[in-house]
Amino acid sequence: MTIFETTSRAVAVTSRRAALLALAASVFTVGALTLVPSAHAQDKTSLKVGIMAGEEEDTWVAVKEQAAKQGLTVETVIFNDYTQPNEALARGEIDANAFQHEPYLENQIATQGYKIVVAGYTALWPVGLYSKKHKSLAELPDGAVIGVPNDPSNEGRALRVLEDAGLIKLREGAGILATVTDIAENPKKLDIKELDAGIVGRSVDDLDGAVVNTDWALKSGLTADIQIAKETIENNPYRNFIAVRAEDKDALWVKKLVASYQNDEVKAVFDSIYKGSGVSAY
């Protein structure tokens, strides 16, 4: 082998090594770039959260204070129409919302195709069975007349309250949209009257009992002392929650926002506002 051939081979080997090193460096660089979080995964310090007008505005004053301690500035965007907060969230006009339960979101996803998920639970407004004539479930006579809301989601929820109280049994698979036609067993032969949600609470005087949503119970002047049964918190599909876009669910700011709600300080404010008509559910 000539000196020229030896030199040429050495140059070729050196060039190959340089090329391999360059390739390795480029692979490392690309790999390093993939480790950089996406814009949605990066932390945020300013958030817009959609809530409904009313008492929740007062609760979120306390949430904002807790968020500030975690370096978050939270601006609440107030809505008066339940169809708007999810649309605003899907469009990116707000970062999160807090106003709904899972049956409502599931329906919205089915009809609107939203990619929205539960980030953390907040509270439950338990539906209760109220009676001014009887002080306990045991006192309800056979044939007692019980009012329930007649709209699909609320009627199913009311019937679940009666089932959990042992008064009726729904057919298997009745689901959350159960109606009186789904009652499989009715040992007390209850006469269940389907009434408008806004009327059922005001009809308690004329009934043996009525299952009434919390907001209508408050409007009708019904208090916890005449509530003879109510739904439980554990595994309740009607717990409200903070919702975010699916792409943001693992972001650090989401965890901070949830923690800003789920704490003793906010719970104390919540309890003072709702006085038992709503309960923390996390």
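No hydrogens, no waters, no symmetry mates; every other heavy atom, side chains included, goes into these values. We count residues from 1, following the sequence as given.
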Would L190 and V211 show up in the same hydrophobic cluster when neighbours are defined by side-chain heavy atoms closer than 4.5 Å? yes
E56 versus M52, closest heavy-atom pair with distance: CB-O, 4.0 Å
Name of the residue among L167, L162, T179 meeting side chain to side chain contact (heavy atoms under 4.5 Å, CB included) with I192: L162
Would you say the side-chain atoms of Q108 and Y82 include a donor-acceptor pair closer than 3.5 Å? no
Would you check, one step at a time, whether the test side-chain contact (heavy atoms from CB on, under 4.5 Å) holds for V180 with E155? CA-CA 8 Å; V180 292; E155 181 170 5; 3.6 Å; yes
K188 atom NZ, neighbour heavy-atom count above 12 within 6.0 Å: yes
Do I183 and V127 belong to the same hydrophobic cluster, where Ile, Leu, Val, Met, Phe, Trp and Tyr are linked whenever their side-chain heavy atoms lie under 4.5 Å apart, directly or via other members? yes
Do T59 and I273 have side-chain heavy atoms sitting under 4.5 Å apart? yes
Path from L257 to F270 over hydrophobic side-chain contacts below 4.5 Å: yes
Sub-4.5 Å side-chain heavy-atom contact between T73 and L47: no
Do E102 and Y121 have side-chain N/O donor and acceptor atoms under 3.5 Å apart? yes
With salt bridge (charged side-chain N to carboxylate O under 4.0 Å, His left out) as the criterion, how do D43 and K256 come out once you've worked through the C-alpha distance, each side chain's angles and the decisive distance to 0.1 Å? CA-CA 10 Å; D43 196 15; K256 289 181 177 180; 3.1 Å; yes
Strictly distance-based, threshold 3.5 Å: is any side-chain N or O of D81 a donor or acceptor partner for the main-chain N or O of T83? yes
Are any non-hydrogen side-chain atoms of R91 and L89 less than 4.5 angstrom apart? no
Is there a path of hydrophobic side-chain contacts, each under 4.5 Å between heavy atoms of I, L, V, M, F, W or Y residues, that connects W125 with V212? no
Do D264 and K267 pass the salt bridge (charged side-chain N to carboxylate O under 4.0 Å, His left out) test, and can you show the C-alpha distance, the side-chain angles, and the key distance before you say yes or no? CA-CA 5 Å; D264 291 341; K267 183 180 184 303; over 6 Å; no
N-O pairing of K115 and E247 below 4.0 Å: no
Do you know which two heavy atoms are closest between P149 and N154, and how far apart they sit? CB-CB, 3.7 Å
Looking at side-chain heavy atoms only, is the closest gap between I51 and I78 below 4.5 Å? yes
Sub-4.5 Å side-chain heavy-atom contact between I168 and L159: yes
As an exercise, state the distance from CD1 of I94 to CD of Q84, rounded to the nearest 0.5 Å. 10.0 Å
Would you please say whether a donor-acceptor pair under 3.5 Å links the side chains of Q262 and Y282? no
Show me the side-chain donor-acceptor pairs of residues 198-208 shorter than 3.5 Å, one per line, residues at least two apart or across chains.
unit_1	atom_1	unit_2	atom_2	d
R202	NH1	G198	O	2.8
R202	NH2	G198	O	3.2
S203	OG	I199	O	2.9
D205	OD1	K132	NZ	3.1
D208	OD1	H134	NE2	2.8
D208	OD2	V145	N	2.8

Is there a side-chain contact between I242 and V118 in this structure, where contact means two heavy atoms from C-beta onward sitting under 4.5 Å apart? no
For a 4.5 angstrom cut-off between non-hydrogen side-chain atoms, does W253 reach Q70? no
At their closest point, which heavy atom of D95 faces which heavy atom of K44, and how far apart are they? OD1-NZ, 2.6 Å
For a salt bridge (charged side-chain N to carboxylate O under 4.0 Å, His left out) check, start with the C-alpha distance between D182 and R171, then their side-chain angles and the critical distance, and finish with the verdict. CA-CA 6 Å; D182 292 307; R171 67 172 179 82; 2.6 Å; yes
If the threshold is 4.0 Å, N to carboxylate O, is there a salt bridge linking D271 and K275? no
Does F99 have any ring pair (Phe, Tyr, Trp, His ring centres under 6.0 Å) partners at least two apart in sequence or in another chain, and if so, which? Y104
What do the steps show when you test I146 against K193 for side-chain contact (heavy atoms from CB on, under 4.5 Å), and what is the final call? CA-CA 6 Å; I146 305 294; K193 300 291 186 184; over 6 Å; no
Please say yes or no: joined through hydrophobic side-chain contacts below 4.5 Å, possibly via intermediate residues, are V161 and I233 part of one cluster? no
Answer yes or no: is there an ion pair linking D191 with K189, defined by an N-O contact shorter than 4.0 Å? no
Under 3.5 Å, is there a donor-acceptor pair linking the side chains of N86 and N97? yes
Any non-hydrogen side-chain atom of L105 less than 4.5 Å from a side-chain atom of V117? no
Within a 6.0 Å radius of atom NZ on K135, are there more than 12 heavy atoms belonging to other residues, nucleotides or ligands? no
For W60, which residues count as a ring pair (Phe, Tyr, Trp, His ring centres under 6.0 Å) partner, sequence neighbours excluded? Y261
Begin from the C-alpha positions of E231 and R157 and carry the test salt bridge (charged side-chain N to carboxylate O under 4.0 Å, His left out) through to its verdict. CA-CA 9 Å; E231 61 186 353; R157 188 176 181 182; 2.5 Å; yes
